[in-house]
Number of protein chains: 2
Amino acid sequence: MGLREIKKERVRKAILETARDMFFTRGYDETTIEAIAQKAEVAVGTVYNYFDSKSTLILAITAEDTSKALGDKFHIPESGSGLDGIKVYVNSFMKNLSMYPKRLLRELMREAWRSETALSKGIINQDLTLLDALSRLLRELAGKHKLKPGTDIEHASLTIYGIITTAIMWYAADDERTSRQMLESLEIMLQILFRGLNPEGGDK
Amino acid sequence: MGLREIKKERVRKAILETARDMFFTRGYDETTIEAIAQKAEVAVGTVYNYFDSKSTLILAITAEDTSKALGDKFHIPESGSGLDGIKVYVNSFMKNLSMYPKRLLRELMREAWRSETALSKGIINQDLTLLDALSRLLRELAGKHKLKPGTDIEHASLTIYGIITTAIMWYAADDERTSRQMLESLEIMLQILFRGLNPEGGDK
DNA sequence: TTTTATTATTGAATATATTCATGTTTGGAG
DNA sequence: CTCCAAACATGAATATATTCAATAATAAAA
């Protein structure tokens, strides 16, 4: 790696860390690009050489966090129902989330919808990691006969994903709501999903 | 109503309709407040006398649509499962949504997260209508013994709400996805929810 | 009708993300 | 070592949401 590359890495990291710091303490809206540039000791234009936009910056920061949080730790307990398997997984995801100030979480939700084609970037993309992990998990559960046979795995993952997303959204939207409360209602919703809503208990 | 009131109504309506028009044709980001003001024949400042911000404008417009769409038409078919009841309801909600250009939908999702306390305004608020309607619906279904006894109605509504929201988000995020596809996968997800994921078919 | 107070309108001023023409640095070729 | 092209950095210029002090219109009082 030449000097040029090294410098580039250094500058990139400086911008990223500075931005992260300021976003977490002051919030996204209150942090101007100019302030970031100043603290990172580069020009405004330089920030834009490294990141297409302010929202790219925050997305880059959080994407890194997410992939770290989801990366390793998900073990399915040998005993226990499918629900237990999911819960273990979801917990580490949520623990990561609760590190974020709510304000920032909201600003993040907002910015995630910014990219012209949201699918390729934005929140959806970050969530592809989650969705993917979920479907791997479900497939594994199905293999262990812990899922109703014939279940459409892709859609089941998407359903769980939707439930998780909803829990997060309500958590983020309401300053009063604690992460414990979020986890509790998430658990109830997952229970409902596993039990089903039909009265007979069977297929119907 | 004095002249003042009448004028006020007229101006408000002019701004709203002009904005609606431009948002739908050019998109939110491409429509400047100045352009709206010009077309509505008022000054920029006047727009701000009526609406706190640009995002307030789009939210006002869509909130109106939503409440219209949800207002009346939801009949629960006498025969049929609980799932059928939900589907009828969800369909009119979705029909309304598919009137929006995707671009605008995305911009809307974004702006909905803007208000400082998202719960009191924003998307969550619009959705309170939906959520409320869902829980009334579920309560009615429970009364008719079309729901598994002992189900936590509030959380069940929230679960369905989450599934709907997810379907909408994926629809909005992906230009390729048709509203038919959205409805199809929504239906599958609801089916999964009603059947449950546990293998035994029962409570477990 | 004239005067006064309240309410509404106005557009220039402000703040900030983003662009871009210009200048500077770097790694390597001769 | 000198010079060149490519890569990088810079900050003034641009665009646009939002604010606000000044002006105008309206309703009520005299």
Side-chain angles (χ1 to χ4, degrees), chain A residues 1-16 18-20 22-23 26-61 103-104 107-108 110-116 121-122, chain B residues 1-16 18-20 22-23 26-61 103-104 107-108 110-116 121-122:
Chain A
M1 208 198 288
L3 172 59
R4 192 163 265 176
E5 302 285 316
I6 292 172
K7 256 192 166 174
K8 216 161 123 179
E9 258 320 293
R10 246 210 307 265
V11 172
R12 191 190 148 83
K13 196 168 241 171
I15 293 172
L16 217 49
T18 307
R20 163 178 257 282
M22 299 183 83
F23 287 159
R26 301 187 194 182
Y28 178 85
D29 288 343
E30 293 303 308
T31 303
T32 68
I33 295 285
E34 197 175 349
I36 294 171
Q38 208 148 36
K39 243 195 180 174
E41 298 181 292
V42 294
V44 168
T46 303
V47 175
Y48 281 90
N49 283 342
Y50 287 81
F51 300 94
D52 286 348
S53 65
K54 196 181 172 188
S55 65
T56 303
L57 243 182
I58 183 75
L59 291 179
I61 289 166
R103 188 179 203 284
L104 186 56
E107 290 165 327
L108 176 59
R110 167 152 61 75
E111 295 309 310
W113 280 101
R114 192 174 287 281
S115 45
E116 189 47 38
K121 298 188 191 168
Chain B
M1 209 198 292
L3 172 58
R4 193 163 263 175
E5 303 285 316
I6 293 172
K7 255 192 165 175
K8 219 160 123 180
E9 259 320 295
R10 244 209 309 264
V11 172
R12 192 190 146 83
K13 197 168 240 172
I15 293 172
L16 217 49
T18 307
R20 165 178 256 283
M22 299 183 83
F23 287 158
R26 301 186 196 183
Y28 178 85
D29 288 343
E30 293 304 308
T31 303
T32 68
I33 295 286
E34 196 175 350
I36 294 171
Q38 207 148 37
K39 246 198 178 168
E41 298 181 294
V42 293
V44 167
T46 301
V47 175
Y48 281 90
N49 284 340
Y50 287 82
F51 301 93
D52 286 347
S53 65
K54 194 180 172 189
S55 64
T56 303
L57 243 183
I58 184 75
L59 291 179
I61 289 166
R103 188 178 201 287
L104 188 56
E107 289 164 327
L108 176 60
R110 168 151 61 75
E111 295 309 310
W113 280 100
R114 194 172 285 280
S115 46
E116 190 45 39
K121 299 187 191 170

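Just so it is clear: chains get the letters A, B, ... in the order the sequence lines come, proteins before strands, and each one is counted from 1. Both backbone and side-chain heavy atoms feed into the values below; hydrogens, waters and symmetry mates do not.
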Fill in: Whole-Å gap separating P (D:dT26) and CD (B:E5)
13 Å
Practice prompt. Using a cut-off of strictly less than 4.0 Å between a heavy atom of the residue and any atom of DNA chain D, enumerate the qualifying residues of residues 37-51 of chain B by number.
Written response: B:V44, B:Y48
Item to complete: Give a yes/no answer on whether the side chain of B:K8 brings an N or O atom under 4.0 Å of OP1 or OP2 in C:dT7.
Response: no
Worksheet item: Between A:I6 (CD1) and C:dT25 (P), how many Å, whole number?
Response: 19 Å
Worksheet item: Residues two or more places apart in sequence or in another chain: which of them pass ring pair (Phe, Tyr, Trp, His ring centres under 6.0 Å) with B:F51?
Response: none
Worksheet item: Does B:Y50 have any ring pair (Phe, Tyr, Trp, His ring centres under 6.0 Å) partners at least two apart in sequence or in another chain, and if so, which?
Response: none
N/O donor-acceptor pairs under 3.5 Å from side chains in residues 30-40 of chain A, not counting sequence neighbours:
residue: A:T31; atom: OG1; partner: A:M22; partner atom: O; Å: 3.4
residue: A:T31; atom: OG1; partner: A:G27; partner atom: O; Å: 2.6
residue: A:T32; atom: OG1; partner: A:A35; partner atom: N; Å: 3.0

Fill in: Side chain of B:T32 (C-beta onward), nearest among C:dT25, D:dT16, C:dT18
D:dT16
Response to the item:
B:I33 CD1 to C:dG11 P, in whole Å, measures 16 Å
Worksheet entry | Whole-Å gap separating P (D:dA9) and CD (A:E9) | 12 Å
Worksheet entry | Under 3.5 Å donor-acceptor, B:K54 side chain and B:Y28 backbone | yes
Worksheet item: Can you check the A:R12 CZ to D:dC8 C1' distance for me, whole Å?
Response: 15 Å
Discussion item. I want to verify a distance call: between C:dA17, D:dT18, C:dT26, whose nearest atom is closest to the A:K54 side chain?
Written reply: C:dA17
Fill in: Closest to the B:V11 side chain, choosing from C:dT9, C:dT25, D:dT18
C:dT9
Practice prompt. Would you give the length of the straight line joining atom OH of B:Y48 to atom CD1 of B:I15, rounded to the nearest 0.5 angstrom?
Written response: 11.0 Å
Worksheet item: B:D29 CG to C:dA17 P: how many Å, rounded?
Response: 15 Å
Discussion item. Could you go through A:K13 and A:R10, starting from their C-alpha distance and side-chain angles, then the distance that decides it, and tell me whether this counts as side chain to side chain contact (heavy atoms under 4.5 Å, CB included)?
Written reply: CA-CA 5 Å; A:K13 196 168 241 171; A:R10 246 210 307 265; 5.9 Å; no
Item to complete: Answer yes or no: is there a donor N or O on one side and an acceptor on the other, between the side chain of A:E107 and the main chain of A:D29, under 3.5 Å?
Response: yes
Practice prompt. Send over the distance from B:M22 CE to D:dT16 P, rounded to a whole Å.
Written response: 12 Å
Fill in: Atom-to-atom span, CD of A:E34 to P of C:dT19 - whole angstrom
16 Å
